[in-house]
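Before any comments, here is the structure.
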Amino acid sequence: MITPGTLPPTVAGPSAWRGTDMAADPSWLVELDDDALAEIETAARAALATGDIAAITASDFPLPDFAPRLAQIVEDVMTGRGFVLLRGLPVERWPLEVAAAAYFGLGAHIGSARSQNAMGHLLGHVCDLGRDPADPSARIYQTNARQTFHTDSCDIVGLLCLKRARSGGESMLVSGMAVYNEVRRRDPELAAELFETNAIDRRGEVPVGMKGYYTCAPLTWHEGQLTVHYQRRYIDSAQRFDDAPRLTDKRIAALDLFDSVCEAPDMRLEMAFEPGDIQLVHNHVLLHDRLGFEDWDEPARRRHLLRLWLAPTAARPLPAHFAQRFGSVTPGNRGGVVTPATVEMCAPLTPQ
């Protein structure tokens with residue numbers, strides 16, 4: 001048990017950044033050059049000609065010149081600042097299936113794709129499906145509401161922007177390491193409370209034999225590394241279950257402090273996606289969010305992002321209790337929504 005007197009040390013290094021520093025450092029934006037794009041397009045069209053997008057592996061998607069550069073980019077994401085924005089995929093020129101295959105193939109060089117819902121979707125669609133954010137069976141990415149800072153259930157989350165909203169919808173990132181440092185400085189007692197487990201709502205996607213919620217702490221110290229796993233909306237909505245552990249006043253105060261530090265203007269980095277941008281985020285050190293948005297009236301113009309949840313083989317160790325949500329803690333074979341063996345993995349090209 002972690003107490004105010006036994007808190008993990010302040011996190012140092014490139015992952016403990018403040019938004020104001022990142023806003024002044026353009027090195028996280030990587031432009032894809034013509035040679036890389038040509039190589040990616042050739043691989044995507046060849047992969048489409050021979051099989052299904054969901055079956056694409058790194059060997060099916062050869063990138064002889066770009067693969068070493070991509071590997072270094074991913075290494076920087078995993079051990080450096082925790083994110084990158086790749087810019088320039090010509091999604092407005094390519095057919096949707098080519099853009100999706102290109103994105104999935106790039107993801108295959110990073111890690112294995114994980115299911116993002118109970119239907120086995122390896123390729124997710126982030127768009128407003130008209131769902132109510134207050135509906136406990138709805139996922140927030142299916143609405144146009146602000147999400148609040150959170151992590152996803154995977155090692156790396158990728159987002160490819162196909163279309164932007166008419167207004168709003170900007171992406172925001174915050175370093176969970178820097179947030180911990182600030183909470184630790186302000187109130188060690190509440191910082192220690194963040195290492196205690198909470199019930200987290202599965203929002204209706206419940207593996208066979210499991211409860212409608214799982215338990216995990218916002219912060220975990222394991223093998224000398226601090227890991228963040230957090231979704232305040234789902235912590236709050238899990239209180240709807242009668243057998244879920246109750247949130248105490250002290251726990252709520254700790255979560256409120258964590259949220260308020262995430263929201264501080266100097267802590268968070270805001271970025272506006274352009275069509276063709278790919279954002280890669282290391283879920284164990286950063287939290288991400290997006291602003292609410294107003295969309296276009298025409299369906300063909302509405303905000304649309306493709307999402308990947310990826311499991312690299314070189315991912316950090318996680319404690320055993322993460323298997324409640326990740327299905328396993330084995331690097332390269334963990335994360336996503338656990339589905340029955342009878343569910344066939346797929347990569348749909350339209351929201352479902």
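These figures come from a predicted structure and were not determined experimentally.
For Asp152, the side-chain contact (heavy atoms from CB on, under 4.5 Å) partners at least two apart in sequence or on another chain are His150, Cys154, Val157, Asn283, His288, Arg307, Trp309.
Between atom CG of residue Asp236 and atom CD1 of residue Ile200 there is a gap of 11.0 Å, rounded to the nearest 0.5 Å. Considering CG of Leu123 and CG of Leu349, their distance stands at 7.0 Å, rounded to 0.5 Å. Distance check: His121 NE2 to Thr339 OG1 gives 11.0 Å after rounding to the nearest 0.5 Å. Between atom OG1 of residue Thr148 and atom CE of residue Met172 there is a gap of 9.0 Å, rounded to the nearest 0.5 Å. Of the inter-residue distances, the one linking Leu122 atom CG with Gln116 atom CD reads 7.5 Å to the nearest 0.5 angstrom. To the nearest 0.5 Å, atom CD1 of residue Ile235 and atom CG of residue Asn198 are 4.5 Å apart.
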Determine whether Tyr214 and His229 satisfy the following criterion, ring pair (Phe, Tyr, Trp, His ring centres under 6.0 Å), listing intermediate values before the conclusion. CA-CA 12 Å; Tyr214 62 100; His229 183 80; 5.8 Å; yes
For Glu170 and Arg290: C-alpha separation, side-chain torsions, deciding distance, then whether salt bridge (charged side-chain N to carboxylate O under 4.0 Å, His left out) applies. CA-CA 5 Å; Glu170 289 82 1; Arg290 70 109 198 278; over 6 Å; no
Leu173 and Trp17: CA distance, side-chain angles, deciding distance, side-chain contact (heavy atoms from CB on, under 4.5 Å) verdict: CA-CA 11 Å; Leu173 300 176; Trp17 49 260; 4.0 Å; yes
Step-by-step side-chain contact (heavy atoms from CB on, under 4.5 Å) determination, Thr215 to Gln324: CA-CA 8 Å; Thr215 56; Gln324 292 179 74; 3.2 Å; yes
Could you walk me through whether Phe61 and Thr42 pass the side-chain contact (heavy atoms from CB on, under 4.5 Å) test, one step at a time? CA-CA 9 Å; Phe61 202 89; Thr42 297; over 6 Å; no
Let me see the working for Thr248 and Glu193 under side-chain contact (heavy atoms from CB on, under 4.5 Å), right down to the final yes or no. CA-CA 10 Å; Thr248 64; Glu193 195 75 11; 4.1 Å; yes
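The shortest side-chain heavy-atom distance between Leu85 and Ile278 does not fall under the 4.5 Å cut-off. Counting heavy atoms from C-beta on, the side chains of Pro62 and Glu39 never come closer than 4.5 Å. Side-chain contact between Arg114 and Val337: absent, with no pair of heavy atoms (C-beta onward) separated by less than 4.5 Å. In this structure the side chain of Leu106 never reaches within 4.5 angstrom of the side chain of His109, judged on heavy atoms. The shortest side-chain heavy-atom distance between Leu306 and Leu159 does not fall under the 4.5 Å cut-off. Within the 4.5 Å cutoff, side-chain heavy atoms of Leu96 are placed close to those of Leu162. The side-chain heavy atoms of Ile156 and Val281, taken from C-beta on, include no pair separated by under 4.5 Å. Contact of the Arg316 side chain with the His282 side chain is registered, since non-hydrogen atoms from C-beta on lie closer than 4.5 Å.
Residues Asp76 and Arg81 are not paired through a salt bridge, judged by the lack of any N-O separation under 4.0 Å between the basic side chain and the carboxylate. By the 4.0 Å N-to-carboxylate-O rule, Glu298 lies too far from Arg302 to be salt-bridged with it. Ionic pairing of Arg251 and Asp256 is not present here: no N-O contact between side-chain nitrogen and carboxylate oxygen is shorter than 4.0 angstrom. Ion pairing between a basic and an acidic side chain is recognised when a charged N comes within 4.0 Å of a carboxylate O; Lys163 and Glu92 show no such pairing. Using a 4.0 Å cut-off between charged side-chain N and carboxylate O, Arg202 and Glu205 make no salt bridge. With respect to the salt-bridge test (charged N to carboxylate O, under 4.0 angstrom), the residues Arg87 and Glu274 qualify. With respect to the salt-bridge test (charged N to carboxylate O, under 4.0 angstrom), the residues Asp243 and Lys211 qualify.
Using modelled atom types, one side-chain atom of Asn181 and one backbone atom of Val11 make a donor-acceptor pair closer than 3.5 Å. Looking at Tyr180, its side chain does come within 3.5 Å of a backbone N or O of Pro8 through a donor-acceptor pair. A distance-only check finds no donor-acceptor pair linking the side chain of Glu189 to the backbone of Lys250 [under 3.5 Å]. A donor-acceptor pair under 3.5 Å is absent between the side-chain atoms of Arg186 and the main chain of Arg184, judged by distance alone.
A continuous path of ILVMFWY side-chain contacts below 4.5 Å connects Leu32 to Leu160, so both sit in one hydrophobic cluster. Connection of Leu63 to Trp94 is established within a shared hydrophobic cluster, with ILVMFWY side chains joined at heavy-atom distances below 4.5 Å, either directly or through further cluster members. Connection of Phe326 to Trp221 is not established within any shared hydrophobic cluster, with ILVMFWY side chains joined at heavy-atom distances below 4.5 Å, either directly or through further cluster members. In this structure, Met78 is not a member of the same hydrophobic cluster as Leu318, with clusters built from ILVMFWY side-chain heavy atoms closer than 4.5 Å. Connection of Leu86 to Met271 is not established within any shared hydrophobic cluster, with ILVMFWY side chains joined at heavy-atom distances below 4.5 Å, either directly or through further cluster members.
With ring centers used as reference points, Phe149 lies 6.0 Å or more from Tyr230.
A donor atom on one side chain and an acceptor atom on the other are not found under 3.5 Å apart for Arg18 and Ser175. No hydrogens or angles considered: a donor-acceptor pair under 3.5 Å links the side chains of Gln279 and Ser171. Using modelled atom types, one finds a donor on one side chain and an acceptor on the other under 3.5 Å when comparing Thr57 with Asp60.
Contact record, Met267 with Val174: O-CG2, 3.7 Å, taken as the closest heavy-atom pair. Nearest heavy atoms, Ile56 versus Ala47: CD1-CB, 3.8 Å. The two residues Ala311 and Asn333 make their nearest non-hydrogen contact at CB-N, 4.2 Å. Nearest heavy-atom pair, Ala99 versus Val91, reported as atom, atom and distance to 0.1 Å: CB-CG1, 4.0 Å. Here the closest heavy-atom approach between residue Gly332 and residue Ser112 is recorded as O-OG, 2.9 Å. When all heavy atoms of Pro90 and Leu37 are compared, the closest pair comes out as CD-CD2, 3.9 Å.
Ring pair His284/Phe322 is perpendicular by interplanar angle, where above 60° counts as perpendicular and below 30° as parallel. Taking the six-membered ring for Trp and thresholds of 30 and 60 degrees, Phe83 and Trp28 have ring planes inclined between 30 and 60 degrees apart.
In summary, of the residues considered (Arg325, Arg240, Arg232, Arg233), a salt bridge (Lys or Arg N to Asp or Glu O under 4.0 Å) with Asp201 occurs for Arg240 alone.
Residue Glu97 places its CD atom among more than 12 non-hydrogen atoms of other residues, nucleotides or ligands, all under 6.0 Å distant.
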